[in-house]
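For reference, the structure is listed below as structure tokens.
Hydrogens, waters and symmetry mates play no part in the numbers below; they use all other heavy atoms, side chains included. Not measured: the values here are computed from a predicted model. Whatever order the structure lists them in is the order used to number ligands and atoms, beginning at 1.
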Amino acid sequence: MRILVINPNTTASMTDKIGEAAQAAASPATEIVAVNPEDGPPSIEGYFDEVFSVPGLIAEMAKAGSVDAYVIACFDDTGLDAARCATEAPVIGIGEAAFHVATLIAGKFSVVTTLARSVPVIEHNLVKYGLASRCAKVRASDVAVLDLELPGSKANRKISAEIGRAISEDRAEAIVLGCAGMANLAQALSREHGVPVIDGVACAVKLAEALSALDLRTSKVGGYAAPLAKHFAGYYAPWSPKTR
Ligand code: 5HY
């Protein structure tokens with residue numbers, strides 16, 4: 001199978017890291033294609049950045065040709081619902097994937113994300129997915145997304161310290177890493193803290209493979225029905241939904 005993994009920000013080094021984590025988790029027969037848009041924010045930190053990354057995400061889906069599943073590799077599950085309207089193939093957000101996996105192996109988990117402005121976005125998603133009662137707390141490590149790309153930055157230390165606080169203060173039984181750019185840190189942090197530390201990129205790839213193996217696809221009845229054909233005016237004309 002072929003999975004398109006979309007990093008909705010424009011930072012290619014982060015896309016490479018996400019692609020490596022996805023391929024490492026994928027079955028041998030699965031081809032991972034990791035992409036990011038050219039247009040949009042270099043990192044997504046909060047609602048404002050998020051909304052400007054969605055057209056690029058949808059454009060990458062249109063450009064990719066036939067794939068068996070899509071993974072949205074931004075922990076806010078950026079544009080997830082819109083993406084599900086645009087295809088019948090499964091679309092998995094790394095946030096939703098990690099939350100579900102965490103509830104399968106722990107009673108309570110905490111999320112450790114980047115900046116404080118990302119916390120409400122994640123909290124709202126937990127409520128939307130009906131999983132807020134299983135999450136002890138969403139914590140910010142005060143690490144900017146692009147600091148994760150800087151070798152030698154204090155990012156790993158700050159994330160590890162926040163995990164320590166989640167375990168001692170929240171009594172978290174598992175930790176969900178709240179950024180795609182943290183994908184390569186999960187195993188070492190899990191060994192260091194002695195609790196499962198979950199990376200959403202790997203979870204989303206395995207869930208996409210599972211849905212494909214079950215031949216389950218996105219329902220086109222109701223909310224995720226294909227967009228109605230109409231002409232979008234001006235700058236967004238190229239995104240106009242066509243008659244199917
Ligand atoms: C992410 N931003 O996974 C989110 C994390 C965050 O550019 N990739 C980003 O801080 O919301």
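Side-chain contact annotation: T10 with E38, donor-acceptor N/O pair under 3.5 Å absent. Remark: the S13 side chain and the E149 side chain contain an N/O donor-acceptor pair separated by less than 3.5 Å.
In this structure, P41 has no heavy atom closer than 4.0 Å to ligand 1. Contact between S43 and ligand 1 is present, with at least one heavy atom of the residue lying under 4.0 Å from the ligand.
For K158, the NZ atom counts as densely surrounded, since its 6.0 Å shell holds more than 12 non-hydrogen atoms of other residues, nucleotides or ligands. Within 6.0 Å of CD in Q187 there are 12 or fewer heavy atoms belonging to other residues, nucleotides or ligands.
One finds no salt bridge joining E123 and R139 here, because no Lys/Arg side-chain nitrogen approaches an Asp/Glu carboxylate oxygen to under 4.0 Å.
Listed by atom number, the atoms of ligand 1 under 4.0 Å from G178 heavy atoms are 5 (C). In summary, the atoms of ligand 1 found under 4.0 Å from a heavy atom of A180, numbered by their order in the structure, are 1 (C), 3 (O). Those atoms of ligand 1 with a heavy atom of C74 less than 4.0 angstrom away are 1 (C), 2 (N), 3 (O), 4 (C), 8 (N), 9 (C). The contact set between ligand 1 and S118, taken as ligand atoms under 4.0 Å from a residue heavy atom, comprises 6 (C), 10 (O), 11 (O).
For ligand 1, the polar-atom distance check against I44 finds a nitrogen or oxygen pair separated by under 3.5 Å. For ligand 1, none of its N or O atoms has an N or O atom of A73 under 3.5 Å away. Considering backbone and side-chain N/O atoms, T114 comes within less than 3.5 Å of an N/O atom of ligand 1.
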Exercise. Walk me through it: do E88 and K220 pass the test side-chain contact (heavy atoms from CB on, under 4.5 Å)?
Key: CA-CA 7 Å; E88 282 189 42; K220 292 292 108 184; 3.6 Å; yes
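In N9, the part holding a heavy atom less than 4.0 Å from any atom of ligand 1 is the side chain.
The protein non-hydrogen atom at the shortest distance from atom 11 (O) of ligand 1 is D76 OD1, 2.9 Å.
Ring pair F75/F99 is perpendicular by interplanar angle, where above 60° counts as perpendicular and below 30° as parallel.
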